[in-house]
Structures are given as C-alpha cells and as structure tokens.
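Below you'll find the structure, written out as structure tokens, and then a few comments.
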Amino acid sequence: MTINVALVTSEAVVLGCDSVASVTEMFLDPIPHLQLDEAGNFSVDKNGKYIAHFSHEDLQSVVTDAWGGVTKMFRLCGDENPVAAVTAGLAKLNDRPISALANEFSKQMAANANDNDTIIGVVEKFVEFMRGHYDTHNQTIPEGFREDVEFLIGGFGKNDSFPSLYRVNLRDQPDKRIKPLYGSGIGFKDKTGAAWAGQADSVQRLLFGYDHPLRGNINEQISKAIDTLHKSMSEAVLRILAETLAALKANLPSGINTELPPKPDVPIKWDQYMLSIDFANLPLQSALDFVAYLVGLQSGESKIREKRANCWRKNSHRNIDKGQVRDEE
C-alpha cells in the first residue's frame, strides 16, 4: 500500500506520504481460462499440462508482503531551487531503492547547482536519469507486463513567483511521462490544487464524495437497470399488442414500428459532491495539517481493512517554501 499526497497553495508545495512498502505478485484464477476439448474436459498439451488462454487484463495484482520504514520522499534539488518528490509503484530498480537513486541524482544536481534554475529543468533531468535505470530493470520484461514508477514532483524555482507540481510516470511514452498539474504557465490545469498517487480511495471519497470504483459500480448498476427495464417494457408492449390483436382477430398493419424509444442516458453531476476547498489561500500550517490528515486517513483505512499485523506506518511531510526545504513528522 502506498499513498502520496501533494498540495499546492499560492505560497508553497506540501508533499506527504506513508512509509509502507509492499511486494505484489501477479496471480490468475486459471479455471475460467482453461481450454476445453470437444468432450468438455480440460485440454492438455503433450506434456500433460493444462492449456489456458488469458490476457494481461485477466491478471490480478496481489500484495504478498508489506513492511514499514521505507523512504518514499526525497529532495532532488536544494539551495535556491528546492525540488522534492514522493514516489509510488516499484520500490526498487536493479535492486537499488528508489530513494538511493534519488539521492545519487540530488548529489549530481548539487555539483551543478548553477545549471538548475527551473523546476521543469530539474524534472526533465530526473526523468532522463531514472528512465535509464528503469529501462535496464525491465530489459527482459515484456512492455505490457512492466510495473510503473510514479512520482509527484514539486518545487519553488528561484526565479519563479509561484510553486509548481508535476506527475511523472516512467512507464509512459517519452512525450507523456511528464504531466504538469498545478502552477503558472502553459500546460497546467490550474495554479493550485491537490493531487495523489498510489492507493487513494479514502482520499477520493473525502474530496470527491466517491472513489473511482464506487463511481464505476454506480454507473454499471444504472446501466444494467435501464437495460433490464427497456427489455421488459419491449416484451410487455409486444405481449399487449399481440393479445389485443388476437382479441380483435386482426393482424398488425404493415409499416407499424413497434420499437420503443432508445434507452436514455442518465448523466450524474458528479462534480456537485466535491468538497469545496480554497487551496490558493490555505495558510501554510493548514496545508500541512490537511496533507497529514489525508495521508493518515488512507493509511488508517488500509490498515484496518487489510488487518496487517507487524506493520507500522510513519508519516512524513515535506514543506517547500521559496528558498528552503524542511521535513516535519
């Protein structure tokens, strides 16, 4: 389980995360995918092994182990151009922790401090650095089976009057790996706001009033209900019409359209359930408290739901003001 939260106000970027790492493995329930022969028995190859057909979407990612005390937050660049990041996804590349690789990158940035005067410049260099390690790690893994490494990277450039936040996904194509989220300038969707990575269903429910699985389930249930109603009404209309014609001993005139109107769409105004927050004007301490609350909310919910024993969480929060970076616990 991982939860990363980033919040951008008009004066700072606040990053938060838990410190739990987990091992996930891909599992498949083979029964629905086994090939049957003409007699209805499971097919086997010449070695007596069962034959199954499945796609990547049929595989399930299952957590098989978890532990605490993992560093998921790190500084990428300091001094007058502070940039920090939190990570979700793979915890190691080539048997090296992501935090160790980030520290190596940070040292490179410190050695070339004069070249680091923009946030996007640091982000681009970091992506280039990490992508090399990512490609080496996955050189024997088919592209469709590669796990992602995701970062939320925020900072306050020494020549900037406003903080900025980016999302990075190493698995994506080169032109889609860096996604501007909040900041001033071209490409950002807004100046201020919140973002998250990893497992965030509790965070989504608080801020949106729903999480993505809940929204998908509601839409699916509405669609199924409308399909069932439309089918039953069509059958009822045809039955009533047939009984009426039979009672009248008449035939249906040609050219009569007996089809019902098409099934209606049921749009739901999901935005009306969103929690209204003035991110731009949040006081710094309130922003810190809010990020800590979101991380704790998700961590606590996951701990209770999954009932993990021997697993503790230490929440870290990094605040980036113009010209300085500090950690708080």
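At least one donor-acceptor pair under 3.5 Å links the side chain of Asp45 to the backbone N or O of Asn47. Formation of a donor-acceptor pair under 3.5 Å by the Gln272 side chain with backbone atoms of Lys269 is found in this model. In terms of modelled atom types and a separation under 3.5 Å, the side chain of His230 and the main chain of Pro261 share a donor-acceptor contact. Thr228 places a side-chain N or O within donor-acceptor distance of the main-chain N or O of Lys224, the cut-off being under 3.5 Å. In terms of modelled atom types and a separation under 3.5 Å, the side chain of Thr71 and the main chain of Met73 share no donor-acceptor contact. Arg167 contributes a side-chain N or O that, together with a main-chain N or O of Trp196, makes up a donor-acceptor pair within less than 3.5 Å. The backbone N or O of Asn94 lies less than 3.5 Å from a partner atom in the side chain of His137, making a donor-acceptor pair. A donor-acceptor distance shorter than 3.5 angstrom exists from the side chain of Asp160 to the backbone of Gly157, with no hydrogens or angles considered.
Taken from OG in Ser43 to CD1 in Ile51, the straight-line distance is 5.5 Å, to the nearest 0.5 Å. Distance CD/Glu104 to CE/Met130: 9.5 Å, rounded to 0.5 Å. Remark: Leu214 CG to Asn219 CG distance equals 9.5 Å, nearest 0.5 Å. Rounding to the nearest 0.5 angstrom, the gap separating the CZ atom in Phe188 from the OH atom in Tyr182 is 11.5 Å. Atom CG of Leu76 and atom CZ of Phe151 lie 8.0 Å apart (nearest 0.5 Å). The line from CG of Leu252 to CG of Leu238 is 9.5 Å long, rounded to the nearest 0.5 Å.
Within a 6.0 Å sphere centred on CD of Glu143, heavy atoms belonging to other residues, nucleotides or ligands number 12 at most. At most 12 heavy atoms of other shown residues, nucleotides or ligands fall within 6.0 angstrom of atom CG in Asp265. Asp95 CG: 12 or fewer foreign heavy atoms inside a 6.0 Å radius. The number of heavy-atom neighbours closer than 6.0 Å to CG of Asn251, taken from other residues, nucleotides and ligands shown, is 12 or below. For Glu128, the CD atom counts as loosely surrounded, since its 6.0 Å shell holds 12 or fewer non-hydrogen atoms of other residues, nucleotides or ligands. Enclosure of atom CD in Glu259 is not indicated, since only 12 or fewer non-hydrogen atoms of other residues, nucleotides or ligands lie within 6.0 angstrom.
By the rule that hydrophobic residues join a cluster once side-chain heavy atoms approach within less than 4.5 Å of another member, Leu241 and Met233 end up as members of separate clusters. In terms of hydrophobic clustering, with Ile, Leu, Val, Met, Phe, Trp and Tyr side chains grouped at heavy-atom distances under 4.5 Å, Leu245 and Ile240 are assigned to different clusters. Linking Ile, Leu, Val, Met, Phe, Trp and Tyr whenever their side-chain heavy atoms come within less than 4.5 Å puts Trp270 and Leu275 in one cluster. Under the 4.5 Å side-chain heavy-atom criterion for Ile, Leu, Val, Met, Phe, Trp and Tyr, Val266 and Tyr273 are members of the same hydrophobic cluster.
In this structure, Ala85 and Ile153 approach most closely via the heavy-atom pair CB-CG1, 3.8 Å. Scanning both residues, Thr192 and Ser10, for their nearest heavy atoms gives CG2-N, 3.9 Å. The minimum heavy-atom distance between Val295 and Gly16, with the atom names listed, is CG2-C, 3.8 Å. Counting all heavy atoms, side chain and backbone alike, Cys17 lies closest to Asn4 at CB-ND2, 3.5 Å. When all heavy atoms of Ala12 and Leu284 are compared, the pair lying nearest together is CB-CD1, 3.8 Å. When every heavy atom of Ala52 is checked against every heavy atom of Leu34, the shortest pair comes out as CB-CD2, 3.9 Å.
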Check against side-chain contact (heavy atoms from CB on, under 4.5 Å), Val237 and Leu260: CA-CA 9 Å; Val237 168; Leu260 290 178; 4.0 Å; yes

Full working for side-chain contact (heavy atoms from CB on, under 4.5 Å) between Ile3 and Leu294: CA-CA 9 Å; Ile3 174 63; Leu294 293 179; over 6 Å; no

Chi angles and distances behind the side-chain contact (heavy atoms from CB on, under 4.5 Å) call for Gln108, Lys125: CA-CA 10 Å; Gln108 294 182 11; Lys125 291 176 183 177; over 6 Å; no

Verdict with supporting geometry, Val8 and Leu181, side-chain contact (heavy atoms from CB on, under 4.5 Å): CA-CA 10 Å; Val8 181; Leu181 296 179; over 6 Å; no

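Looking at Met274 and Leu207, their side chains never come closer than 4.5 Å, going by heavy atoms from C-beta outward. Within the 4.5 Å cutoff, the side chain of Asn81 has heavy atoms near those of the Val122 side chain. In this structure, Ile222 and Ile226 have side chains that are in contact, with non-hydrogen atoms separated by less than 4.5 Å. In this structure, Tyr166 and Ile119 have side chains that are in contact, with non-hydrogen atoms separated by less than 4.5 Å. Taking 4.5 Å as the limit, some side-chain heavy atom of Leu28 sits within range of a side-chain heavy atom of Phe54. The side-chain heavy atoms of Val149 and Leu93, taken from C-beta on, include a pair separated by under 4.5 Å. Between Leu206 and Leu297, the closest side-chain pair of non-hydrogen atoms falls below 4.5 Å. Residues Ile178 and Ile120 meet the side-chain proximity criterion, which asks for heavy atoms closer than 4.5 Å.
Taking the six-membered ring where tryptophan is involved, the planes of His212 and Tyr210 are perpendicular, since the angle between them exceeds 60° and thus also 30°. By the 30° and 60° cut-offs, the orientation of the rings of Phe279 relative to Phe290 is tilted.
Looking at Glu150 and Arg171, no side-chain N of the basic residue comes within less than 4.0 Å of a carboxylate O on the acidic one, giving no salt bridge. No salt bridge links Arg239 with Glu235; every basic N to acidic carboxylate O contact stays at or beyond 4.0 Å. Ionic pairing of Asp211 and Arg205 is present here: one or more N-O contacts between side-chain nitrogen and carboxylate oxygen are shorter than 4.0 angstrom.
Aromatic rings of Phe129 and Tyr134 (six-membered ring for Trp) have centroids beyond the 6.0 Å cut-off, not under it. For Phe74 and Phe105, the distance between ring centers is not under 6.0 angstrom.
Side-chain contact, Asn103 with Ser106: no donor N or O sits under 3.5 Å from an acceptor N or O. No side-chain donor-acceptor contact under 3.5 Å links Gln139 and Asp135. A side-chain donor from one of Thr2 and Lys72 sits under 3.5 Å from a side-chain acceptor of the other. Neither side chain, Lys176 nor Asn169, offers a donor N or O lying under 3.5 Å from an acceptor on the other. Judged purely by distance below 3.5 Å, without hydrogens or angles, the side chains of Gln298 and Asp18 never pair a donor atom with an acceptor atom.
Geometrically, Lys191 engages Phe162 in a cation-pi contact defined by less than 6.0 Å to the ring centre and at most 45° from the axis.
Each of Arg146, Lys179, Arg177 was compared with Asp172 under the salt bridge (Lys or Arg N to Asp or Glu O under 4.0 Å) criterion, and only Lys179 meets it.
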